[in-house]
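All remarks here apply to the structure that follows.
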Amino acid sequence: MAQDNRLLFYIGLIGALVVYGIYLFPPLTSRGGSNSSGITQPEFEAVLQQELDHCRARVDDTNCRCFANISGNILTFRAPEVPGAFQADRRELARGQATSSC
């Protein structure tokens, strides 16, 4: 009986730690408000122009407006980072997704 109580205590403790861990980090997939990326319009336009120039320098058949829009949105979105987790290279990720989408 005493062992059952200890087991229930540890299960409750682990459950509380899991719930605390879930609420510790902000949602990784939500943007929040319309201007929650923390970047100004001129900064966004500079990134968009940089991606448009990169696309035009390539020789392939990609729609450069589509490419710059997708890549620029990915590069300027500021998602919260999880400490100790592997983070992909943002520029490589953005350009790869833009190339496959356009």
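Computed from a predicted model, the values in this text were never measured in an experiment. Only heavy atoms go into these numbers, but all of them, side chains included; no hydrogens, no water, no symmetry mates.
A donor-acceptor pair shorter than 3.5 Å cannot be found between the side chains of Glu45 and Gln49.
Gly72 and Val47 make their closest contact through CA-CG1, 4.0 Å (heavy atoms, listed as atom of the first residue, atom of the second, distance). Taking every heavy atom of both residues into account, Gln97 and Ile74 meet most closely at OE1-CD1, 3.0 Å.
Atom-to-atom distance recorded for Leu48:CG and Phe67:CZ is 11.0 Å, nearest 0.5 angstrom. A distance of 11.5 Å separates CZ of Arg6 from CG of Leu8, quoted to the nearest 0.5 Å. Interatomic distance, Ile22 CD1 to Leu17 CG, rounded to the nearest 0.5 Å: 11.0 Å. A distance of 7.0 Å separates CZ in Arg95 from CG in Leu75, rounded to the nearest 0.5 Å.
Checked by atom type and distance alone, the side chain of Asn73 pairs as donor or acceptor with a backbone atom of Asn69 at under 3.5 Å. Ser71 contributes no side-chain N or O that, together with a main-chain N or O of Ala68, makes up a donor-acceptor pair within less than 3.5 Å.
Within 6.0 Å of CZ on Arg58 lie more than 12 heavy atoms contributed by other residues, nucleotides or ligands.
The shortest side-chain heavy-atom distance between His54 and Arg91 does not fall under the 4.5 Å cut-off.
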